[in-house]
Amino acid sequence: MLGKLFNNLAFDKYVSYRLILALDLFISAGVSLFSLFLTGVLFQNFQFNLILIYWVCTALVSSLVVFLLLQTHKVVIRHSTLRGLWRFGVAALGKVFLMGVIVWIFTASLLGNVYVVVALLFDMFLTVTTLAAVRIMMIIAYDTIK
């Protein structure tokens, strides 16, 4: 079964942009959840409850908006230089900005400002590095399979 999957992937066409967008959204939500967890570890009195679900949903919505606007799912690192990675940086900054606005408007009383700022900073840095790393791993996997 694994051999059949690799044979299906070993064609000359590239992976679908929709699949890459879905992967980016999954990564973005995971990074946001991890950043909230890191913030909770850093501030030991931080309590997790419905904030987790709200935080991940906010990350998904803001990521979808920003990723579609900047078309980050169409970025191929192989054909670009480090200057080409600006979309990931701007996308992470836009995601964090939208998340901050949404969280500030709807849950200002639930979270302390320090918690939110720290979680958003973790989120921004981890989103940029994770998206770039996944693109590089995709290139390595594609070259290995091909």
Side-chain angles (χ1 to χ4, degrees), residues 1-2 4-6 8-9 13-145:
M1 182 170 165
L2 216 52
K4 185 178 180 181
L5 175 67
F6 285 132
N8 288 338
L9 291 175
K13 296 179 183 177
Y14 289 102
V15 179
S16 168
Y17 289 136
R18 290 180 182 160
L19 180 62
I20 293 173
L21 178 63
L23 180 65
D24 285 350
L25 290 173
F26 178 75
I27 290 167
S28 178
V31 164
S32 295
L33 188 61
F34 185 69
S35 68
L36 192 64
F37 174 74
L38 280 177
T39 306
V41 169
L42 187 63
F43 300 100
Q44 295 174 353
N45 61 354
F46 190 72
Q47 296 178 1
F48 298 108
N49 46 28
L50 290 177
I51 294 170
L52 287 175
I53 297 169
Y54 180 76
W55 188 265
V56 171
C57 290
T58 304
L60 282 172
V61 169
S62 59
S63 296
L64 182 64
V65 168
V66 174
F67 290 171
L68 287 176
L69 282 174
L70 294 174
Q71 297 185 351
T72 56
H73 53 283
K74 294 183 180 182
V75 173
V76 179
I77 291 178
R78 170 183 297 210
H79 304 295
S80 66
T81 62
L82 286 176
R83 288 181 299 189
L85 297 177
W86 68 269
R87 284 186 189 178
F88 292 135
V90 173
L93 190 62
K95 169 192 164 188
V96 164
F97 177 75
L98 282 176
M99 283 181 69
V101 168
I102 293 170
V103 168
W104 181 70
I105 290 172
F106 292 108
T107 62
S109 63
L110 294 177
L111 296 170
N113 291 334
V114 176
Y115 299 125
V116 173
V117 170
V118 171
L120 290 175
L121 286 175
F122 279 144
D123 197 340
M124 183 178 66
F125 292 122
L126 291 173
T127 299
V128 171
T129 55
T130 307
L131 287 176
V134 166
R135 290 297 193 285
I136 292 169
M137 288 188 298
M138 288 172 62
I139 291 169
I140 292 169
Y142 183 77
D143 286 342
T144 303
I145 292 171

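Each residue takes its place number in the sequence, starting with 1.
Shortest non-hydrogen contact noted between Val128 and Ala92 is CG2-CB, 3.3 Å. Minimum interatomic distance between Ser28 and Ala59 (heavy atoms only, all atoms of both residues): OG-O, 4.2 Å. Pairing each heavy atom of Gly94 with each of Val66, the nearest pair is C-CG2, 3.6 Å. Closest approach of Trp55 and Val116 over heavy atoms only: CH2-O, 4.5 Å.
Taking Leu93 as the reference, Met124 meet the side chain to side chain contact (heavy atoms under 4.5 Å, CB included) condition, with sequence neighbours excluded. In this structure Leu21 satisfies the side chain to side chain contact (heavy atoms under 4.5 Å, CB included) test together with Leu25, Leu64, Phe67, Leu68, His73, sequence neighbours excluded. Residues passing the side chain to side chain contact (heavy atoms under 4.5 Å, CB included) test with Val118, sequence neighbours excluded: Thr39, Leu42, Phe43, Val114, Phe122. For Ile53, the side chain to side chain contact (heavy atoms under 4.5 Å, CB included) partners at least two apart in sequence or on another chain are Leu50, Cys57.
Listed by first then second residue, pairs satisfying salt bridge (charged side-chain N to carboxylate O under 4.0 Å, His left out) with a partner in residues 121-131 read Lys95-Asp123, not counting sequence neighbours. Pairs of residues two or more places apart, or lying in two chains, never qualify as salt bridge (charged side-chain N to carboxylate O under 4.0 Å, His left out) while including a residue from residues 32-44. For residues 57-70, the set of pairs meeting the salt bridge (charged side-chain N to carboxylate O under 4.0 Å, His left out) definition, not counting sequence neighbours, is empty. Listed by first and then second residue, the salt bridge (charged side-chain N to carboxylate O under 4.0 Å, His left out) pairs that reach into residues 22-39 are Asp24-Arg135, sequence neighbours excluded.
Met137 contributes atom CE, which lies 8.5 Å from atom OG1 of Thr130 (distance to the nearest 0.5 angstrom). A distance of 8.0 Å separates CG in Leu60 from OG in Ser32, rounded to the nearest 0.5 Å. Put simply, CG on Leu120 and OG on Ser35 are 7.5 Å apart, with the number rounded to the nearest 0.5 Å.
When each of Val31, Ile27, Leu126 is tested with Leu131 by the rule side-chain contact (heavy atoms from CB on, under 4.5 Å), just one qualifies, namely Ile27.
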